[in-house]
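Following: one structure in structure tokens, then a few remarks.
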There are 2 protein chains.
Amino acid sequence: MTNIAESRSESYQTCTHDPQVSCGNCRLNSICLPLALESDDIAQLDDIIQRCKPLQKNQHLYREGDDFESVFAVRSGTLKAYKTTDDDREQVTGFYFPGEILGMDGISNNSHASSAKALETAAICEIPFTSLEKLSALIPNLQRHFFQLMSHEITEDQQLITLLSKNSADERVAALLLSISGRNARRKLSATQFRLPMSRVDIGNYLGLTVETVSRVFSRLQKMDILQVDNKEIEILDSQGLRNIANLSS
Amino acid sequence: MTNIAESRSESYQTCTHDPQVSCGNCRLNSICLPLALESDDIAQLDDIIQRCKPLQKNQHLYREGDDFESVFAVRSGTLKAYKTTDDDREQVTGFYFPGEILGMDGISNNSHASSAKALETAAICEIPFTSLEKLSALIPNLQRHFFQLMSHEITEDQQLITLLSKNSADERVAALLLSISGRNARRKLSATQFRLPMSRVDIGNYLGLTVETVSRVFSRLQKMDILQVDNKEIEILDSQGLRNIANLSS
DNA sequence: CGTGCGCTTGATAATGGTCAAGACGCGTGG
DNA sequence: CCACGCGTCTTGACCATTATCAAGCGCACG
């Protein structure tokens with residue numbers, strides 16, 4: 001798809017710190033940093049975080065195999081993380097919304113285990129990992145927070161494992177919609193009406209289904225008056241019904 | 001299956017430190033602690049680690065929802081970790097062999113996100129997490145090591161996600177056998193001949209398949225002269241063939 | 001020596017994949 | 001401004017893989 005030169009030119013460059021924005025006044029800090037940090041602790045964190053130029057749609061934040069140097073927080077926009085399988089298919093491993101952190105799968109090997117690309121224009125905070133490690137050793141709450149963040153990623157992955165292993169197509173799609181709905185609510189956006197940032201292909205890829213199946217599920221849920229679907233615009237008409245389907249319809 | 005009283009009586013109790021064994025002389029430390037630690041760092045780690053009385057087959061090390069206090073290293077035996085889904089089915093999220101660490105999914109909520117039980121008699125090292133945190137802040141290599149361990153768990157889970165999402169029954173079983181084979185090799189055991197510590201049900205549960213399908217795959221692989229199967233005794237006759245099936249047969 | 005659990009095997013059914021065609025929407029260029 | 005073309009989405013018909021249901025075997029344990 002892209003050769004090395006292209007991949008270089010479209011790839012992500014670190015940029016200078018914008019002093020306007022800081023973790024202390026960031027609207028997302030209740031998601032990203034739900035911490036009891038002293039204000040000078042936050043200042044120290046601000047010092048190491050780089051707030052970067054926006055990523056255009058389809059641009060990569062990092063690619064599988066890149067040297068691992070930082071983890072990233074999403075400030076705006078949405079990203080998907082994915083791995084390429086041996087036979088060149090794509091496995092989407094997660095979607096990342098504002099306030100969420102990605103890139104932690106790169107720590108274990110010092111190289112990113114997955115790729116991350118923007119599904120729409122996105123703004124990103126870069127957190128250099130060696131600085132974060134040093135700071136974590138000094139601020140116990142911060143160390144705890146990062147252990148928790150990583151642990152949370154593990155439990156999320158286990159949720160997905162269960163979903164893929166045990167649940168029908170309807171249940172998987174319903175669960176994803178409820179997850180997105182919940183994450184919107186956390187950011188004070190509508191839990192019932194939103195625009196999906198990802199394509200049907202991405203959804204299928206994430207949920208272990210084909211595009212056709214995803215599309216059919218959307219149609220079915222619409223016919224059941226649980227959803228109103230207009231391409232990527234989704235309205236949840238019957239959230240209890242959706243929950244029922246996600247949990248124990250089978 | 002068990003009421004609370006039973007669960008208490010069969011559940012795991014911490015025990016006193018056996019001074020005979022220490023991380024420094026543990027045969028497994030190349031797996032568990034592949035670290036450049038100074039010998040007095042190891043001594044400090046030894047101080048916080050409790051080496052505990054063995055767990056009998058089917059005993060729980062911890063249960064979903066238990067308060068999170070420690071992570072655990074397997075010294076001998078095998079454990080499975082699993083979650084119970086809303087509709088009371090079981091999702092096995094991992095198998096843990098000697099030298100491997102489990103329990104890290106409990107950090108994010110201060111409560112274990114899954115249960116862990118022994119598949120056969122097992123010996124366990126308990127590592128109290130608050131002590132580990134304190135020590136990590138003092139020993140940069142140890143902090144790094146734990147970040148890496150958790151990150152490794154994430155990448156493992158992502159492997160499983162991909163397996164469940166993209167691969168056929170044959171591919172899944174082949175991949176599991178190769179994984180077990182590799183982990184045996186790492187402990188200097190035979191990579192081609194071993195006894196599966198888990199039942200067919202557990203395998204199916206882990207791989208998102210029914211028992212019947214797992215059994216049929218074993219039969220098929222045997223018919224293809226790739227495996228020799230005698231109940232839980234497995235011999236890999238054609239490991240290249242097995243690799244082919246795991247990767248790109250489909 | 002029986003009973004039960006774990007494993008295997010077979011027959012049948014259902015879920016989701018594959019293939020194919022058409023609709024819709026969006027951006028580009030005439 | 002419209003037309004074209006491509007990419008994304010939807011829908012249908014058919015097929016394959018795996019689940020389900022059922023039965024039987026064998027070994028371990030009481």
Side-chain angles (χ1 to χ4, degrees), chain A residues 1 56-58 80 85 87 89-92 119-121 163-177 195-224 227-234 245 249-250, chain B residues 1 56-58 80 85 87 89-92 119-121 163-177 195-224 227-234 245 249-250:
Chain A
M1 175 195 171
Q56 294 305 314
K57 179 171 173 169
N58 289 326
K80 73 167 173 183
T85 60
D87 48 343
R89 283 175 305 179
E90 183 177 311
Q91 173 65 45
V92 174
L119 295 172
E120 54 197 334
T121 307
L163 199 68
L164 292 172
S165 169
K166 295 273 179 304
N167 294 33
S168 69
D170 289 342
E171 294 169 323
R172 296 184 207 180
V173 173
L176 176 61
L177 290 175
R195 181 182 170 77
L196 294 175
M198 70 293 281
S199 70
R200 300 287 193 269
V201 179
D202 287 332
I203 293 176
N205 235 317
Y206 177 67
L207 296 176
L209 302 168
T210 57
V211 209
E212 293 94 326
T213 301
V214 173
S215 178
R216 278 187 251 268
V217 173
F218 276 119
S219 303
R220 212 175 299 152
L221 293 177
Q222 180 154 233
K223 209 158 290 165
M224 295 165 78
L227 293 184
Q228 178 67 30
V229 183
D230 176 18
N231 205 350
K232 308 210 164 175
E233 294 296 336
I234 300 288
I245 287 177
S249 90
S250 171
Chain B
M1 176 196 170
Q56 295 305 313
K57 180 171 174 171
N58 288 328
K80 73 167 173 183
T85 60
D87 47 341
R89 284 174 304 179
E90 182 177 311
Q91 173 65 45
V92 175
L119 295 173
E120 55 197 333
T121 307
L163 199 68
L164 293 171
S165 169
K166 295 272 181 303
N167 293 30
S168 69
D170 290 339
E171 294 169 324
R172 296 184 206 180
V173 173
L176 176 60
L177 290 175
R195 179 181 172 78
L196 294 176
M198 70 293 282
S199 70
R200 300 286 194 268
V201 178
D202 286 333
I203 293 176
N205 234 315
Y206 177 68
L207 295 176
L209 302 169
T210 58
V211 210
E212 294 95 327
T213 302
V214 173
S215 177
R216 278 186 249 268
V217 173
F218 276 119
S219 303
R220 212 175 299 152
L221 293 177
Q222 180 154 233
K223 208 158 289 165
M224 294 165 78
L227 293 184
Q228 178 68 29
V229 183
D230 176 18
N231 204 348
K232 306 210 167 179
E233 294 295 336
I234 301 287
I245 286 176
S249 85
S250 173

Could you give the [atom1]-to-[atom2] distance, from [X] to [N], as a whole number of Å?
X	N	atom1	atom2	value
B:L207	D:dA19	CG	C1'	15 Å
B:F218	D:dT18	CZ	P	15 Å
A:L227	D:dT10	CG	P	12 Å
A:R200	D:dG7	CZ	P	18 Å
B:K232	C:dG6	NZ	C1'	8 Å
A:K166	D:dA19	NZ	C1'	13 Å
A:E233	D:dT8	CD	P	18 Å
A:Q222	D:dC9	CD	C1'	13 Å

side-chain contact (heavy atoms from CB on, under 4.5 Å) involving [X] - partner list, sequence neighbours excluded:
X	answer
A:T210	A:E212, A:T213
B:K232	B:R195, B:L196, B:S199
A:S219	none

Identify, with sequence neighbours excluded, every residue that meets side-chain hydrogen bond (donor to acceptor under 3.5 Å, both in side chains) alongside [X].
X	value
A:T121	none
A:Q222	none
A:E120	A:T78
A:N167	none

* Asked: To the nearest 0.5 Å, what is the distance between CZ (A:F218) and CG (A:L177)?
  -> 5.0 Å
* Asked: Does A:E90 reach the main-chain N or O of A:T85 with its side chain, forming a donor-acceptor pair under 3.5 Å?
  -> no
All N/O pairs under 3.5 Å across the protein-nucleotides 26-30 of chain D interface:
none

* When all nucleic acid strands are considered with a 4.0 Å heavy-atom cut-off, which category describes A:S199: base, sugar-phosphate, or nothing? -> sugar-phosphate
* Bend angle of the helix from C:dC1-D:dG30 to C:dG30-D:dC1, from helix axes over five pairs at each end, nearest 10° -> 40°
* To do: Could you note down all residue pairs passing salt bridge (charged side-chain N to carboxylate O under 4.0 Å, His left out) where residues 198-207 of chain B supplies at least one of them, sequence neighbours left out?
  => B:K80-B:D202
* Evaluate side chain to side chain contact (heavy atoms under 4.5 Å, CB included) for A:V217 paired with A:R172, printing each intermediate quantity in order. => CA-CA 10 Å; A:V217 173; A:R172 296 184 207 180; over 6 Å; no
* Structure fact -> Scoring nucleotides 11-18 of chain C by protein non-hydrogen atoms under 4.0 Å (B base, S sugar-phosphate only, - none) yields B----SSB
